Amino acid sequence: MNISPSVVLADVHLTLTAGSGPVNILNGVSLTVGQGETLAVVGPSGSGKTTMLMLMAGLERPSSGAVRMAGADLTGMGEDELARFRRENLGIVFQAFHLIPTMTALENAALPLEFAHHPDARRLALDALEQVGLGNRAGHYPSQLSGGEQQRVALARAFAPRPRIILADEPTGNLDEDTGARVMDLLFTMQAEEKATLVMVTHDRNLAGRCDRTVVMHSGRMEDR
Amino acid sequence: MSSRDWIVALTLCRRELRGGLRGFGVFLGCLFLGVLAISAVGSLGRALEAGLASDAKAILGGDVSVSLTSRDLGPEEADYLHGFGETARILSTRTMARAGGASVLVELKGVDALYPLYGSLELEDGGDLQPLLVERGGLAGAVVDRDLLTRLGVAVGDEISVGESRFQVRGLIAREPDRVMDFFSLGPRLMVGLQGFRATGLTQAGSLFRVEHLLRLDGRDAAQTAEAIRAAYPESGWRVRDFNRAAPRISIILARLRTDLTLVGLGALLVGGLGIAGGVRGYLGGRLAHMAAMKCMGGPSRVLFVSYLAQVLFLGGVGALAGMAGGSLVPWLAERFFSEVLPIKAQGGLYFAPLIQAALFGLVTTLAFSMPPLFRAVMVSPSGIFRGYISADTGRMPRAAILPTAAAFALLAAMVFQFAGNTRLAGWFVGGTVGAWLLFKGLARAIRWLAGKAPRLPWPSWRIGVANIHRPGSPGVSLVFALGFGLTALVAVVMVNVSLTRALTAELAQEAPTFFFMDIRPDQVGDFRLLVEKEQGVTRLDMRPMIRGRIVRIAGTPVENATVSEEVSWAVRGDRGLSYSRDFPSGSTLLRGQWWDKDYSGPSLISLTSDLAEGFGVDLGDTLTVNVLGRNITGTISSIREVNWRTLAMQFAVIFSPGTLDRAPQTWLGAVYGQGEAEALFGRVTAAYPEVAVITIREVLDNAAMLMRRTAGVFQVMAGVALLVGFLVLAGAFSADQHRRIYDSVIYKVCGATRRDILSILVAEFSLAGLFTGLGSLILGTLTAWGVVQGLLKMQFTPDLSTGLLTVLAGMGISLAMGLLGTWRVLGKKASPFLRNE
């Protein structure tokens, strides 16, 4: 049986216009990630790792090339279509957590489900919080949580809609080693349970080693390791 | 703090200010507007008062004025006055001018060759006055207000009749130097020569007219001369004034208007205080990490406090200075561009007192509103910088801030009391401000509470929008205060104006007489009554005798030394209409004492109205002495009546028992009630009795309504300033919150919100908050207006629904516009720049 790949980037270029002239961020990146596969993206700062992740999330548009996620071509979609696609198919985890400071942990976790008009949004969000060990902190605001706890809330938010693809941008970058390890254990556990595809940008070699595959970004180009 | 700490603090202050004034737009804008409003009102008031003072001699007509009613000076009295210097004489009265079947009530003035002693009467064509008034071809001349031409349907060169005489209109008055003395005139001016005035027959015994002798002194002091004249003729019944008190009524009105408008301006400044607090909060919020770091390096909190306080006060000084500069221009602008519109010529110049006062109000307001955010910021724990989330506690006020904040507000309140010069008014303002603050705070809490308790809405966008209203840091509180005060003030002013105008033009017009007739001779009363009562449409005719006199003693104390409350001071300024009667007057209620018998003939008794009794501090058994045509008459108060003056029915404050004033020279007044065909009565009476003056009450009420509308307009402008300040405060609050709002919108996008979802969240939040603010302002403003109209003025309050609807819509609209402004752009922007780590 042919299972279509989860992520397909086909000769993707991205050029941004800066004050001093155009800047080529991505120079012909091509990538395929299978369903349920875990992929680590490594490379020096400024190599285009995060930009590539933004393209996959539909938060950036390529200058040329194609981006197919979960079988859907993102390049032809409008803003609202992309938003709908994200809430139905993607979960995103950021280095800086990016929680809404004026929403509780539960409300943060429920956000994508609420935008998707899911009737059980709060219940599913609470389940996700419990899964990350924060069921008893549902009513707490981000400022009342430690960094590790905030990242776990972010994980809950990413996984609560049961997405097909998880995109993680240096999820342990702001955490200490032990906390980071615990968060990553959670991430991989949940990924395995949901059989979701994981694309993770990381500087951490050990973390990269836990993934099925690693690719290296360098000056906007990609090499398989 | 040691002197070194002060130096460190001020050095830090200087370094921080090197970064410029960015981020202080709202702070400076609010302070500028508030100080501008107060300094502009104060400066203009002073400029008008200065104009009044500098033109005082022209306004009074001389250095000293001696006026008397219905009689002229005797030869000895005249010689006495002439001994002081040059004397001009003026006669004046209200009477009817007629031409071609039309009649108009005019303010007739007869002047001699020396008029005016000071200033000049300006004619529209620029000519001289005196040549126009002389007799030519058997016809004396007159100069008139342009309004008279329109109302009589005549032109320059035409003839008009006044009393028993005819005049030719030869000029139009552009500006009359002493016209402002007749603050509330009932008709256009008609000016003739003295001889011409006499020829009208309106100076016969018993007629009501005023004689004024104006003195240009030969170097003597005016106040001392006036005092000497009063002392020389204490029983004369003259009204003697010097130019220093040229137009006391105008001065009182100007001063009161200035105080009231300044208090509204101060209210606007207090609203601006929210913007100041917000600006300080935002500024310090961006420096919390700096402060925490400096503390980690050993910087004491008190040094940081002084440093940032100095920055705030410096910026406060900048804003106040800008406001003062703007306010200082107003007298010059008024003199240059508005001299035709203002009744008194404003004297351009720099008036330091109101400018400094405004600046002080601005600085103390800055201090008061800056204390809580300053203390909060300085008390932030430095450990926060290690957590990644560093924020000042925006909840309760820190304990350490309570005393300084309270002291600053107490200072502000003390300044209000000192400035207002009226303890009651200042008390109302301070109490009202505290009450309004509590009410608005309660309203803000209520809105947040309602939002928190709102049922779970089926649409997530609206659910998030409603939930945003009660989240920590929501600008909902700022919205309520910023918009609330301005909208409440506007609603109150508009509703008071609508109620009073309706009361005047509709309700009062229904109760009031249709016409007042004046100067009916005693021998004409019988026939006059017959003529009027047979007229169709006339439902009632009241007729009463009137004798002009002045109250000269109250309970034996000369009026100059008696304590008279301000509310009834009008009764002892100049002549009053006195009357006598056998019957108890209709429309009055006997409160104390007894009305005399119909055939009473004993010692003089007086029936006094309750407001005068209270204002004079007299009661039954006390005496009142009046001077009638030079003769003092004392009566004992035997009854006190309550009178509702607002019905405009013919009422007299002082009524004598029969036998005292019956034989004094008098005229009769008539008040006619009727509708429709009663209007025809006007033509019949003026034709049969040309010397009888007729006041059409509807015209008087219309004029009063117009005056009220103009005054309300001025207050509406000030309320508009308060609203403008509110906009700025709101802009600041929303601006401070904008970054969070944009960030939230980006995360919503990441989580799958469409643009419509994000827009729905914003619309839900702002329109609901604005709706409740509008409703709250409507209720508070209506209650305030009700209190003023019904409680204070004792008139019928009529709420205005259209104002109500507009207020609510304004609240929603403004809130929505301000909230969407700036956030709108994020809908189309890329999210990635906000999410990058690198």
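Chain letters run A, B, ... following the sequence lines, proteins first and then strands; every chain starts at 1. Bear in mind that the values here come from a model prediction, so they are computed numbers and not experimental data. Computed from heavy atoms alone, side chains included, the values below leave out hydrogens, waters and symmetry copies.
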In chain order, what residues pass the salt bridge (Lys or Arg N to Asp or Glu O under 4.0 Å) check against A/D11, with sequence neighbours excluded?
none

Between the side chain of A/S63 and the main-chain N/O of A/T15, is any donor-acceptor distance below 3.5 Å?
yes

Is A/Q95 reaching over with its side chain to a backbone N or O of A/D169, donor-acceptor style, under 3.5 angstrom?
no

Under 4.5 Å heavy-atom distance to chain B, tell me which part of A/R157 shows up: side chain, backbone, both or neither.
side chain

Heaviest contributor of heavy-atom pairs below 4.5 Å to chain A, chosen from B/D757, B/I464, B/D744, is B/D744

Heavy-atom count around A/R84 CZ within 6.0 Å, excluding the residue itself: above 12?
yes

Within residues 106-121 of chain A, which positions have a heavy-atom distance to chain B below 4.5 Å?
A/E107, A/L111, A/P112, A/E114, A/F115, A/H117

Scan side-chain atoms only and decide if B/S760 and B/S461 contain a donor-acceptor pair under the 3.5 Å cut-off.
no

Only one of A/V33, A/V29, A/V41, A/V42 passes side-chain contact (heavy atoms from CB on, under 4.5 Å) with A/V215, and that residue is A/V41

Is a donor on one side and an acceptor on the other found under 3.5 Å between the side chain of A/K49 and the backbone of A/M217?
no

